[in-house]
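Just so we're on the same page: letters track the sequence lines, and every chain starts at 1. Excluded from the calculations below are hydrogen atoms, water molecules and symmetry mates; all remaining heavy atoms, backbone and side chain alike, are included.
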Amino acid sequence: MNETRAPMYLAALNEQQRAAVLHSGGPLLILAGAGSGKTRVVTTRIAYALDDLGADPASILAVTFTNKAAAEMRERLAALTPRAHDVLIKTFHAFGAWVLRRFGGEIGIDRGFLVYDESDSLSLLKAELGNACGPAQIRGWLSLISRAKDLGLGPDADERELRKLSYDRRFPEIYARYEERLRATGNLDFGDLILHALRLLKESQTTRDRLRRKFAHVLVDEYQDSNTAQFELLKELVAPSASLVVVGDDDQSIYGFRGAEVENILTFPDSFSGTEIIRLEENYRSTRTILAAASAVVAHNSRRMGKTLITKNEAGNPVHIVLFGDYTEEALYAARLVERNPQTETAILYRTNYQSRIFEEVFGRLGIPYLLVGSVRFYEREEVKDTLAYLSLMTNPRDEVAARRIINKPTRGIGEKTEEKAMTAAATHGGDVLAACRDANAFASGKTAGRLRDFAGLIDGLHTLLAGSPLTHFIHEVIRKTELLDLYTGRDEAEGTSRAKNLEELVNAAAPYGQGEEALREFLENTLLSTPEYGEAYGGRVTLITLHNTKGLEFERVIISGLEEGVFPSERKDGDGDIEEERRLFYVGLTRAKRELVLTACRNRLLYGQPIRSAPSRFLDEIPPELVVKEDLGGGSSAGAVPGRASGAWPPGTRVYSYEYGQGYVETSETKDGHEVVTVHFETGRTIKILPKYHDLIKAGDE
DNA sequence: AGTGTGAAGGTTTTT
DNA sequence: CCTTCACACT
């Protein structure tokens with residue numbers, strides 16, 4: 001190591017971090033606790049390789065699991081070195097697409113393939129199985145198929161292996177039928193991006209060698225989230241001579257439901273011989289209290305490597321637990337916290353996306369700006385998918401799912417029966433739906449055939465515009481000529497929505513892509529594999545986000561909401577919920593907080609619109625009581641006054657604790673307009689009048 | 001072919 | 001509370 005040449009950024013690292021950056025030789029496993037500077041180590045390591053070891057940017061591959069993490073890494077690397085531009089930073093799936101786009105032809109994959117999302121796969125399987133299965137069952141089959149792909153099992157895999165996934169004897173056959181139908185469209189689903197990339201590397205020695213030569217440096221972030229297929233892909237991809245670094249934390253494995261195998265990180269040293277392990281156990285993010293709470297919670301899990309996180313940070317405030325009557329109170333409380341310290345960067349975390357709704361509503365009503373992350377992904381919106389379907393069908397006329405979606409949208413007099421006939425006819429044209437429509441006289445009567453020909457004509461006509469015009473202009477023509485724009489403008493007026501605006505946004509999103517067929521393909525690929533956030537006009541400091549989406553992020557103040565049994569931990573009827581994974585998810589949430597941590601729960605929650613009682617999450621009891629301040633702001637009913645809170649609940653002399661002001665005692669107590677008003681003298685020397693009902697005041701030692 | 005009605009049924013989490 | 005689906009009507 002050459003200390004004199006070592007750049008400034010190395011000086012900012014601790015000993016373990018520096019060792020992780022400078023390590024050379026065999027594979028490296030970095031076990032990085034929450035907040036231990038993991039991303040910093042990865043980005044610094046890349047910058048060091050570029051700036052000091054003279055590595056070629058194009059020889060570096062960094063893989064993450066979410067788009068957000070990839071974006072974050074790109075940004076932070078760019079801040080370290082100007083040579084970052086050509087470094088390949090992608091999600092595992094996007095990397096699979098990258099490989100297949102270039103070399104997939106060798107195993108018969110269409111260069112112009114698009115990626116079907118879950119709903120596309122669903123409609124495809126539905127088309128294949130007809131009315132024989134209900135929607136729930138189709139969903140079930142699809143999830144099995146996707147698990148199989150996670151395991152690296154294609155439809156031709158050993159039947160005994162496939163049977164392990166399902167006792168249902170029909171599964172292998174249904175998997176095979178789905179796959180055949182999918183291949184006929186020329187497109188791929190998410191699982192295929194990994195599975196076929198793996199197959200390619202196994203079958204084509206040329207491509208494997210080529211990629212192995214190219215990627216002399218491979219880094220994998222969030223390695224605990226990798227699944228079996230991804231692990232195998234990695235083994236094929238990385239040359240023995242290459243530098244392989246994986247970073248992860250078994251306590252933060254939260255994607256088991258989509259096939260992630262914690263085993264991959266536990267057995268990494270066995271799979272890659274000569275592995276060195278470096279542990280990052282110093283947390284730079286959270287207060288001592290927050291870290292102690294999180295560590296105590298995750299200690300309840302049995303299947304873990306075990307590690308001890310330490311921090312030099314101050315103890316900070318206790319963890320604040322608040323109980324409410326219902327979700328509205330919970331949301332109002334969060335809003336009030338935000339209003340009180342509007343400059344404090346805050347995140348509101350929840351288990352499921354739909355829980356964001358009440359916060360959106362309350363924040364909107366109070367005029368508090370917020371950033372909503374994830375929720376309904378842009379490209380999953382109906383109007384966006386419609387437009388993308390037109391574009392897809394143009395580039396790939398075998399795209400059955402796209403064709404079904406738009407063949408009668410806007411309505412053009414083509415019904416279900418006709419649609420079915422057209423799809424059947426497509427088979428005789430090599431799957432080309434547009435060709436079948438042009439030749440509609442073969443299976444449809446005069447008028448209907450004319451409509452089908454018009455449909456094909458519309459798309460062919462649009463296609464001719466593609467070559468000469470910039471992509472933005474072209475897509476605008478598509479939404480105009482297909483009359484999607486009119487359709488949604490009309491609906492917007494009727495329903496008060498803003499779908500037409502989303503279409504404009506889609507047009508704008510195409511701006512960086514130049515023109516022509518190639519630009520369109522690139523645009524489609526990027527759109528389908530990424531999730532842009534709508535942060536426009538966001539002027540505030542509040543983020544609404546699912547727990548899963550927060551991985552890798554940090555906030556000054558974190559509010560985890562909906563801590564109720566059945567919600568978090570979530571409860572599944574079929575009973576194979578994994579409580580330890582839920583707990584890890586909770587751990588992830590807790591460790592996002594830098595300084596302030598608020599946990600909230602409600603006594604009543606809504607199930608299908610009906611209020612039902614719910615018990616506070618067991619996780620709340622797993623935090624040591626001495627780290628916690630508990631408060632109960634919600635009696636029984638959500639309507640009217642709370643019984644049992646009559647005047648005199650705060651007699652003079654009561655020792656109290658306020659989250660805002662600290663310890664104190666009640667000096668006087670009186671009742672005004674039916675509300676109890678107390679004067680509290682705090683240890684800080686301040687004396688303040690407080691309405692306990694509306695303030696987070698609690699009795700010291702209160703449970 | 002398209003549209004409107006009522007009843008039934010359904011919730012994780014992401015690529 | 002929402003969406004989705006079957007069925008009857010225009």
For the pair made of [atom1] in [X] and [atom2] in [N], what is the distance, rounded to whole Å?
X	N	atom1	atom2	result
Ile545(A)	dT13(B)	CD1	P	13 Å
Ile358(A)	dC2(C)	CD1	P	12 Å
Leu122(A)	dT11(B)	CG	P	11 Å
Glu571(A)	dT12(B)	CD	C1'	12 Å
Asp221(A)	dT15(B)	CG	C1'	15 Å
Leu142(A)	dT12(B)	CG	P	14 Å
Arg147(A)	dT15(B)	CZ	C1'	11 Å
Tyr354(A)	dT3(C)	OH	P	15 Å

Practice problem: Tell me whether the guanidinium CZ or amine NZ of Arg583(A) lies under 6.0 angstrom from the six-membered ring centre of Phe586(A) and within 45° of its axis. | Solution: no
Practice problem: Write out all pairs satisfying side chain to side chain donor-acceptor pair (under 3.5 Å) with one or both partners inside residues 92-102 of chain A, taking only residues at least two apart or from two chains. | Solution: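 Listed by first then second residue: Arg101(A)-Glu525(A).
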Which nucleotide in the set [options] lies at the smallest distance from any side-chain heavy atom of [X]?
X	options	value
Leu607(A)	dT15(B), dT11(B), dT14(B)	dT11(B)
Arg139(A)	dT12(B), dT11(B), dT15(B)	dT11(B)
Arg351(A)	dT14(B), dT15(B), dT12(B)	dT12(B)
Thr66(A)	dC2(C), dT13(B), dT14(B)	dT14(B)
Asn549(A)	dT11(B), dT14(B), dT15(B)	dT14(B)

Quiz prompt | Residue list, ring pair (Phe, Tyr, Trp, His ring centres under 6.0 Å) with Phe92(A), at least two apart or on another chain | solution =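 Phe92(A): ring pair (Phe, Tyr, Trp, His ring centres under 6.0 Å) contacts with Phe65(A).
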Contact under 4.0 Å: [X] side-chain N or O vs [N] OP1/OP2:
X	N	value
Asn353(A)	dT12(B)	no
Lys126(A)	dC5(C)	yes
Asn227(A)	dT15(B)	no
Ser570(A)	dT11(B)	no

Quiz item: Any salt bridge between Glu554(A) and Arg592(A), counting N to O under 4.0 Å?
Solution: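 So Glu554(A) does not pair with Arg592(A) through a salt bridge.
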Self-check item: Lys/Arg-Asp/Glu bridge criterion (N-O < 4.0 Å) met for Asp117(A), Lys385(A)
Solution: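 Result for this pair is yes, salt bridge flagged.
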What protein N or O atoms touch nucleotides 1-5 of chain B N or O atoms at under 3.5 angstrom, if any, and at what distances?
{"unit_1": "dA1(B)", "atom_1": "OP2", "unit_2": "Gly415(A)", "atom_2": "N", "d": "3.0"}
{"unit_1": "dA1(B)", "atom_1": "OP2", "unit_2": "Thr418(A)", "atom_2": "OG1", "d": "3.2"}
{"unit_1": "dG2(B)", "atom_1": "OP1", "unit_2": "Asn408(A)", "atom_2": "OD1", "d": "3.4"}
{"unit_1": "dG2(B)", "atom_1": "OP1", "unit_2": "Asn408(A)", "atom_2": "ND2", "d": "3.4"}
{"unit_1": "dG2(B)", "atom_1": "OP1", "unit_2": "Gly413(A)", "atom_2": "N", "d": "2.9"}
{"unit_1": "dG2(B)", "atom_1": "OP2", "unit_2": "Asn408(A)", "atom_2": "ND2", "d": "3.0"}

Quiz prompt | Sequence neighbours excluded - salt bridge (Lys or Arg N to Asp or Glu O under 4.0 Å) pairs with any residue from residues 193-202 of chain A | solution = Arg199(A)-Glu203(A), Lys202(A)-Glu232(A)
Self-check item: side-chain hydrogen bond (donor to acceptor under 3.5 Å, both in side chains) involving Thr600(A) - partner list, sequence neighbours excluded
Solution: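 Expected list: Glu330(A).
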Practice problem: Return the set of residues passing side chain to side chain contact (heavy atoms under 4.5 Å, CB included) with Arg412(A) (not counting sequence neighbours), or none when no residue passes. | Solution: Tyr390(A), Asn408(A), Pro410(A), Ile414(A), Phe455(A), Leu458(A)
Self-check item: Face-to-face stacking of Tyr255(A) with dT13(B), centres under 5.5 angstrom, angle under 30°
Solution: no
Quiz item: Do we count Phe65(A) as stacking onto dT15(B) if the rule is ring centres under 5.5 Å and planes under 30°?
Solution: no
Quiz item: Quick one: does Arg258(A) reach the base of dT15(B) with a side-chain donor-acceptor pair under 3.5 Å?
Solution: no
Practice problem: Could you check whether Glu118(A) gets within reach of a base, just the sugar-phosphate, or nothing at all, counting any heavy atom under 4.0 Å? | Solution: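 Base, at least one base atom sits under 4.0 Å.
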Quiz item: On a whole-Å scale, what distance lies between the P atoms belonging to dT4(C) and dT13(B)?
Solution: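 Roughly 15 Å separates the two P atoms.
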